[in-house]
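Here is the naming used below: chain letters follow the sequence lines, and residue numbers restart at 1 for every chain.
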Number of protein chains: 2
Amino acid sequence: MKPYSRFSHYGELSDKDYFRIALSVDLVIFGFADGELKVLVINCNIAEYKGKLSLLGDLVKPDEDLDAAPYRILRERAGLSDVYLEQVHTFGKVDRHPAGRVITTTYISLVNCKDLTIQLSENDLHWHPVHAIKEMAFDHFAILQSCLQRLREKVEDHPVAFNLLPKKFSLREMQALYEAIFDTAFDRRNFRKKFFIKDWLEDLNELEVDVPHRPGKLYAFKKGEEALRV
Amino acid sequence: MKPYSRFSHYGELSDKDYFRIALSVDLVIFGFADGELKVLVINCNIAEYKGKLSLLGDLVKPDEDLDAAPYRILRERAGLSDVYLEQVHTFGKVDRHPAGRVITTTYISLVNCKDLTIQLSENDLHWHPVHAIKEMAFDHFAILQSCLQRLREKVEDHPVAFNLLPKKFSLREMQALYEAIFDTAFDRRNFRKKFFIKDWLEDLNELEVDVPHRPGKLYAFKKGEEALRV
DNA sequence: CCAAAAGTGTTTTCGTTACACCCATGC
DNA sequence: GCATGGGTGTAACGAAAACACTTTTGG
């Protein structure tokens, strides 16, 4: 290592002492289906947490940028690319991981459930309703709660919830999504008004098809409103 | 290491490959003096960034919790304890640090300048006006900007700016602080009204002394409004 | 008495909420 | 024609912004 004096303990302790940490990322991947906010989870197969839900995560590779890891995991484990990602928090207690000193950086991802190209199974990777989860393996329940909180703050002011919907969607779907995120019902007229004022939507001049009622107009997210990437 | 199957690359790569990262923290320590928002910085002594400003930071010790490191640095390097800290973002590009794979977690700290018990000097540790800084060493300018942004969002809704003031303060000082943070002037009557509605203040029934004008009332932060710690 | 800042209310504007009726489509 | 959701406007309310004069103290 090059000599480097910004840090106070150089000289006292060697490389061996400091360069011994592993870095992981844990992903809170939100989706929207059946009128519910979902999170992509796996059933934990560690003895200590047998049967509990766990987030998708992996170690960051030695030659991989931190922000690249969540994209790789989404690609490898869920077959997803071009997704919304946002870093939320880094957890670094010495004893937080059974395998050694592993610090983990958590990310929120917002995806359209239908884009998943990996086969789901009840025991491995699957979507679980967020509001039904009361406990998880490791510290993942706390991570989920803080990410849900962050999601709520984010979608109030930033046009990111679109990532949870198909490219074309009706205002009813949009409202159902917001109601799922906030676990509350909203007034339809006020919701539409507030949403149009934000000017995030492009009117496609198309109508829903195959709905058993009067079809609603379809909209798309106005591109360029917000960067998609971390 | 215990066998651990949540991560995908176990078996392919050994401990040596993964447990080789160092973790540092960088602190954006805000203060308020002379009507200006300041940040505690050091002059960089690395050849590449000679003369540029750098944030206070250090490696996290092998047996130290991530959240404990910023407290230690504040204690050791600035003689400060019992301070407000908030984690902001983790930077982890492979090549972000000249000394090897070092990822860094950034924290905001809010302190009362007068509480510093360490001797300051122009070339080493010193307060620098935030709004006068146009560049810094490493990626520290970007870090400062994102922390300033976070500070602005935070003080709108949360009673944390008090940490930048003495225990007793006048509303004029409070307003001057907010004006320094947002780099904008506010209407005095509206500022007071909004502030009283928030109900963060305790009226001490005391007046300023030694001011060359009509003394204002002194207030203190109502304890219990918000947790102080990370 | 002058300078400097403290203290104080009202009006206007704007965004938010609450609320009800007719319309288009599928069955 | 009935069920389902689509689409629309207005009144009341509350928060935020604009705005000026009198008071208190020190010098």
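By the 4.0 Å N-to-carboxylate-O rule, B:Asp58 lies close enough to B:Arg72 to be salt-bridged with it. A salt bridge does not link A:Lys217 to A:Glu206: none of the charged nitrogens lies less than 4.0 Å from a carboxylate oxygen. With respect to the salt-bridge test (charged N to carboxylate O, under 4.0 angstrom), the residues A:Asp82 and A:Arg75 do not qualify.
The nucleotide whose nearest atom lies closest to any side-chain atom of B:His213 is, among C:dA6, C:dA20, C:dA18, C:dA6. Closest contact between the side chain of B:Arg192 and the listed nucleotides D:dC19, C:dT17, C:dT8 involves C:dT8. For A:Arg214, the side-chain atoms get nearest to C:dT25 when compared with the rest of D:dT25, C:dT25, D:dC19.
In this structure, A:Tyr219 places its OH atom 11 Å from P of D:dG6, rounding to the nearest Å. Spacing between atom CZ of A:Arg188 and atom C1' of C:dT17 amounts to 16 Å, rounded to whole angstrom units. Computed from coordinates, the A:Asn190 CG to C:dT17 P distance equals 7 Å when rounded to whole Å. In this structure, the CD atom of A:Gln175 is 12 Å from the C1' atom of D:dG6, given to the nearest Å. Spacing between atom CD of B:Glu208 and atom C1' of D:dT25 amounts to 11 Å, rounded to whole angstrom units. For the pair B:Asp203 CG and C:dG7 C1', the interatomic distance rounds to 13 Å; values are reported in whole Å. One atom, CZ of A:Phe195, and another, P of D:dG7, lie 15 Å apart when rounded to the nearest Å. One atom, CZ of B:Phe191, and another, C1' of C:dG9, lie 19 Å apart when rounded to the nearest Å.
Residue whose closest nucleotide on DNA chain D sits further toward the 5' end, between A:Ser170 and A:Asp187: A:Ser170.
On a pure distance criterion of 3.5 Å, a polar donor-acceptor pair joins the side chain of A:Lys193 and the base of D:dT10. The base of C:dG7 is not paired with the side chain of B:Arg189 by any donor and acceptor separated by under 3.5 Å.
Annotation: cation-pi geometry not satisfied between A:Arg152 and A:Tyr178 (NZ/CZ under 6.0 angstrom from ring centroid, within 45° of ring axis). For the pair B:Arg172 and B:Phe191, the NZ or CZ position fails the cation-pi test of under 6.0 Å to the six-membered ring centre and within 45 degrees of the ring normal.
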